[in-house]
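Comments concern the structure below.
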Number of protein chains: 2
Amino acid sequence: MPKIIVEVMPKADLLDPAGKAVANALQRKGHSEVTNVRIGKRIELHYANTPTEADLQAAKQIAADFLSNGVIEDVVNVIVEN
Amino acid sequence: MPKIIVEVMPKADLLDPAGKAVANALQRKGHSEVTNVRIGKRIELHYANTPTEADLQAAKQIAADFLSNGVIEDVVNVIVEN
């Protein structure tokens with residue numbers, strides 16, 4: 001099924017307590033190579049047909065308007081996946 | 001900063017109420033081209049140095065053991081991003 005993938009992450013200068021908790025757990029379990037963890041969202045928009053360039057532009061608008069909170073999050077990627 | 005990105009999605013045959021709510025909202029707002037929405041997680045593991053092949057293998061294990069619930073979620077991607 002054709003999809004557009006939208007990736008949203010908490011802004012870099014914001015605390016991410018859930019990510020921090022996972023990072024601490026990995027340290028305790030011996031994975032000292034992982035210095036930090038951040039947890040964001042991966043949102044799949046499904047389409048009946050292969051998304052057009054217009055669909056991609058609309059998806060970028062949707063990502064900014066509906067799928068992310070610009071105060072605390074960044075949209076890091078909007079890509080077509082067939 | 002070198003990262004490994006882990007992408008986790010709800011299994012295809014599972015209901016995703018949050019995704020469904022977003023899909024319905026998009027329909028109401030006139031984005032009828034989007035037939036469905038599913039919401040998963042995008043997890044960044046940060047590393048001090050460029051991850052090695054061993055780090056990638058460890059990350060795949062971490063993704064399966066810590067970052068996803070195999071009963072309801074699939075790990076769809078584990079990739080190095082420099």
Side-chain angles (χ1 to χ4, degrees), chain A residues 1-10 12 16 18-63 65-68 73-79 81, chain B residues 1-10 12 16 18-63 65-68 73-79 81:
Chain A
M1 185 191 330
K3 300 168 190 169
I4 289 180
I5 311 293
V6 176
E7 297 178 338
V8 176
M9 294 300 293
D16 172 10
K20 193 72 197 162
V22 172
N24 290 344
L26 290 178
Q27 293 284 335
R28 283 198 304 277
K29 291 295 183 178
H31 292 288
S32 58
E33 74 276 16
V34 179
T35 56
N36 196 18
V37 176
R38 294 187 76 80
I39 303 179
K41 286 182 288 187
R42 179 182 186 276
I43 301 152
E44 289 184 353
L45 306 177
H46 295 188
Y47 292 79
N49 305 305
T50 305
T52 62
E53 183 58 32
D55 286 335
L56 183 60
Q57 293 309 318
K60 286 181 182 176
Q61 201 58 47
I62 289 169
D65 293 346
F66 289 92
L67 304 178
S68 66
E73 292 171 325
D74 287 321
V75 176
V76 294
N77 239 340
V78 180
I79 49 167
E81 182 185 280
Chain B
M1 185 189 332
K3 300 168 190 169
I4 289 180
I5 311 293
V6 176
E7 297 178 338
V8 176
M9 294 300 293
D16 173 10
K20 193 72 197 162
V22 172
N24 290 344
L26 290 179
Q27 294 283 336
R28 283 198 303 278
K29 292 294 183 178
H31 291 289
S32 57
E33 75 275 17
V34 179
T35 56
N36 196 16
V37 176
R38 293 186 77 80
I39 302 179
K41 286 182 288 186
R42 179 182 187 276
I43 301 152
E44 288 184 355
L45 306 176
H46 295 189
Y47 292 79
N49 305 305
T50 304
T52 62
E53 183 59 31
D55 286 335
L56 183 60
Q57 293 310 318
K60 287 181 181 175
Q61 201 58 46
I62 289 170
D65 293 347
F66 290 93
L67 304 178
S68 66
E73 293 171 324
D74 286 322
V75 176
V76 294
N77 239 341
V78 180
I79 49 168
E81 182 185 279

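Throughout, protein chains are lettered first and strands after them, A, B, ... in sequence-line order, and every chain is numbered starting at 1.
Taken to the nearest 0.5 Å, the NE2 atom of A:H31 stands 8.0 Å off from the CD atom of B:Q61. The CD atom of B:E33 sits 8.5 Å away from atom CD1 of A:I4, with the distance rounded to the nearest 0.5 Å.
Scanning residues 48-58 of chain A against chain B with a 4.5 Å non-hydrogen threshold yields A:A48, A:D55, A:A58, sorted by number. When the heavy atoms of residues 39-47 of chain B are compared with those of chain A, the residues falling under 4.5 Å are B:I39, B:G40, B:K41, B:R42, B:I43, B:E44, B:L45, B:H46, B:Y47, listed by number.
Interface residue A:V76: only side-chain heavy atoms are found under 4.5 Å from chain B. Heavy-atom distances place no part of A:K3 under 4.5 Å from chain B, backbone and side chain included. In this structure, chain B has no heavy atom under 4.5 Å from any part of A:M1. Looking at A:L67, the atoms closer than 4.5 Å to chain B (heavy atoms on both sides) all sit in the side chain, from C-beta outward. Heavy atoms closer than 4.5 Å to chain A are found in the side chain of B:L26, but not in its backbone. Proximity to chain A involves both the backbone and the side chain of B:V34, based on heavy atoms less than 4.5 angstrom apart.
With chain B as partner, the option from A:V6, A:T35, A:V37, A:V8 having the largest number of non-hydrogen pairs under 4.5 angstrom is A:T35. For the options A:I62, A:D65, A:V22, heavy-atom pairs under 4.5 Å to chain B are most numerous at A:I62.
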